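Values in this document were obtained by computation on a predicted structure and should not be read as measured data.
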Amino acid sequence: MLMHADGRNETKALDATVTICHRFTPPKDLAKYCSMADIIITATGIPGLITKEMVKPGACVIDVGITRITDPNTGKTKLVGDVDFDEVRQVAGWITPVPGGVGPMTVAMLMHNTFKAAKSLANCD
């Protein structure tokens with residue numbers, strides 16, 4: 001919603017045209033919308049949902065999805081995102097890895113906001 005909201009107000013939002021797809025959006029439609037997108041943000045928990053063919057060259061791909069799977073080669077479990085990272089990175093301009101992508105930013109912002117809240121409660125603005 002922050003990408004879509006009116007940037008003239010205090011939100012400093014992006015005034016972007018935003019299309020929201022559900023994990024049950026028909027694959028043909030999902031591919032169509034993704035292939036037109038400058039920015040793809042995915043958080044479905046479906047490993048490999050976003051493939052190389054779905055991504056516009058140079059697009060920014062932000063993978064928030066995280067799923068634990070068993071690696072068929074090693075038999076060990078590993079964390080993967082919604083994006084077929086190795087393939088999509090060949091066409092994307094920017095891409096976040098899983099693990100190690102948005103997770104550290106999430107923790108940093110949680111700590112930042114916790115500090116701001118504590119300061120506010122202590123009236124130390």
Presence of salt bridge, Lys56 and Asp38, under 4.0 angstrom: yes
Hphob cluster co-occupancy, Ile50 + Ile46, side-chain heavy atoms under 4.5 angstrom: yes
Check: Thr114 side chain, Leu110 main-chain N or O, donor-acceptor pair, under 3.5 Å: yes
Check: Ala43 main-chain N/O paired with Asp82 side-chain donor or acceptor under 3.5 Å: yes
Hydrophobic cluster membership, Val102 vs Ile66, 4.5 Å side-chain cutoff: no
Atom pair OG1 (Thr42) and CG (Leu30), whose distance is rounded to the nearest 0.5 Å: 8.0 Å
Heavy-atom closest contact (Asp63 atom, Thr96 atom, distance): N-OG1, 2.8 Å
Heavy-atom pair with the smallest gap, counting every atom of Asp29 and Thr25: CB-CG2, 3.9 Å
Side-chain hydrophobic cluster, 4.5 Å single linkage: members besides Met109: Met105
Approximate separation, where rounding is to 0.5 Å, of Ile39 CD1 and Ile41 CD1: 6.5 Å
Within-4.5 Å side-chain heavy-atom neighbours: Val98 and Phe85: no
Pairwise distance CD1(Ile95) to CZ(Arg89) - rounded to 0.5 angstrom: 8.0 Å
Hydrophobic cluster identity match, Val83 and Val91, side-chain contacts under 4.5 Å: yes
Ala59 to Ala37 - nearest heavy-atom pair and separation: CB-O, 3.7 Å
SG-CG distance between Cys34 and Leu49, expressed to the nearest 0.5 angstrom: 7.5 Å
Spacing of CG belonging to Asn73 relative to NZ belonging to Lys78, to within rounding of 0.5 Å: 7.5 Å
Ring pair (Phe, Tyr, Trp, His ring centres under 6.0 Å) partners of Phe24, counting only residues at least two apart: His22
Shortest non-hydrogen separation from Ala92 to Val61 and the atoms involved: CB-CG2, 4.0 Å
Heavy-atom pair of closest approach, residues Val80 and Pro47: CG2-CB, 3.8 Å
